[in-house]
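Comments concern the structure below.
Residue numbering restarts at 1 for every chain, and letters A, B, ... go by the order of the sequence lines.
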There are 2 protein chains.
Amino acid sequence: MAEVKLLGLWYSPFSHRVEWALKIKGVEYEFIEEDLQNKSPLLLESNPIHKKIPVLIHNGKPICESMVILEYIDEAFEGPSILPIDPYDRAIARFWAKFLEDKVAAVINTFLRKGEERVKGKEEVCEMLKVLDNELKDKKFFVGDKFGFADMAANFLGLWLGVFEEGSGVVLVTTEKFPNFCAWRDEYINCSQNKEYLPPKDELLAYFQARLQAAAASK
Amino acid sequence: MAEVKLLGLWYSPFSHRVEWALKIKGVEYEFIEEDLQNKSPLLLESNPIHKKIPVLIHNGKPICESMVILEYIDEAFEGPSILPIDPYDRAIARFWAKFLEDKVAAVINTFLRKGEERVKGKEEVCEMLKVLDNELKDKKFFVGDKFGFADMAANFLGLWLGVFEEGSGVVLVTTEKFPNFCAWRDEYINCSQNKEYLPPKDELLAYFQARLQAAAASK
């Protein structure tokens, strides 16, 4: 039995954060793909409060919430650190991670909801991109000189947002409007370390195209 | 000039979390009361993204978001630890802190908003209390044997919720319905360490009574 299991979904940015952290640390793990239409007993008993992926199970003990799992992985396993070392830098990384976490819903509303929710979501996403573009001026990453905690929190913008844009035809990000954000995103998608961790874009696009079409067709 | 400054509001549970952490660590600090109608230049330049309290300024460097500040205080200052030591216990504390943070809006909606927002908020608060009551069965605190990170995140339930109930006449918490939560709350209000950190209940009640009346009178 594997010591570390991850209950996740291959297309989920939240699962992906955890996979990324485990790979950085060099932790071997068993990935267990969940079926949201038919959640496994293991998922339901491991995350009885939210009944959501990802859940990391380490020596039989479950940990839930992707950003909480990242902190856990950083503290429980040896290897390169995910959060910076300096307390102030750590606070800055956590600040941006929280900022980003609080905006995930706006991205979902923009592409997978309709009506007023979509309009409000789109406004909020554009506002967020403005803030991030300003923050990433003269910076390659959110904190420090390599991808870390806050960049992992931003992964739904690194790959998934572009997939949503391509799948829906709604384009929010342009190099003219958000040059610094686009530079960060290019680095995110193309840096060699990241590349091998990311789910294949074509498969992601095919999957979400079906989801976006279903959302558009629904009332 | 004080090395540590806290920009806050005496009646805010978010400020109070930070004060509690600083007091546990024995850190001397200057409390600077903000005026939300006329925010100070120091607040605006220290928290340009959210323009909100609390902000901790340590040696001239600002840290924002109360739970991020708590992690910072725990890492940057000597003294009793706020988070548990064991990585798994730390993850559990962070899980509950996030759960609680995500519910603050529901409490505000229940008491300070109207119409549908209020109805939805009330449902969410009752659902949350059920979850917490179940979690606190056979436990005195969220994690471990003393007040810590998750209990600090829960402070808006420890004192403020009761003040809102008393000020509005809307009672959600009874010993019959939520005995374990009530036992935690009694400990929260009455334990000697906590008692000296909490803002005076009478003053809090007088302040929020005016706010609740204004909210009830507004359209």
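- Between B:Ala91 and A:Val68, the shortest heavy-atom distance links the atoms O-CG1, 3.4 Å.
- Heavy-atom distances place the side chain of B:His50, and not its backbone, under 4.5 Å from chain A.
- The 12-atom threshold is exceeded at NZ of A:Lys39, counting heavy atoms of other residues, nucleotides or ligands nearer than 6.0 Å.
- Annotation: B:Lys122, atom NZ; neighbour count of heavy atoms from other residues, nucleotides and ligands within 6.0 Å does not exceed 12.
- Here the closest non-hydrogen pair linking A:Pro87 and B:Tyr72 is O-CD1, 3.5 Å.
- No more than 12 heavy atoms of other residues, nucleotides or ligands shown are found within 6.0 angstrom of CG on B:Asp145.
- You'll find the side chain of B:Phe99 reaches within 4.5 Å of the side chain of A:Ile49, heavy atoms only.
- With rounding to the nearest 0.5 Å, the separation of OG in B:Ser66 from NZ in A:Lys98 is 8.0 Å.
- Atom NZ of residue A:Lys61 and atom CD1 of residue B:Ile92 lie 8.5 Å apart, to the nearest 0.5 angstrom.
- A donor-acceptor pair under 3.5 Å is formed between the side chain of A:Tyr88 and the backbone N or O of B:Pro62.
- Enclosure of atom NZ in B:Lys139 by more than 12 non-hydrogen atoms of other residues, nucleotides or ligands within 6.0 angstrom is indicated.
- Of the atoms belonging to B:Glu101, it is side-chain heavy atoms, and not backbone ones, that fall under 4.5 Å from chain A.
- Within 6.0 Å of NZ in A:Lys52 there are 12 or fewer heavy atoms belonging to other residues, nucleotides or ligands.
- With a 6.0 Å radius and a threshold of 12 heavy atoms from other residues, nucleotides or ligands, B:Lys25 has its NZ atom above the threshold.
- Remark: A:Glu71 does not engage B:Arg90 in a salt bridge, criterion side-chain N to carboxylate O under 4.0 Å.
- Atom CZ of A:Arg94 is separated from atom CG of B:Leu70 by 11.0 Å, given to the nearest 0.5 angstrom.
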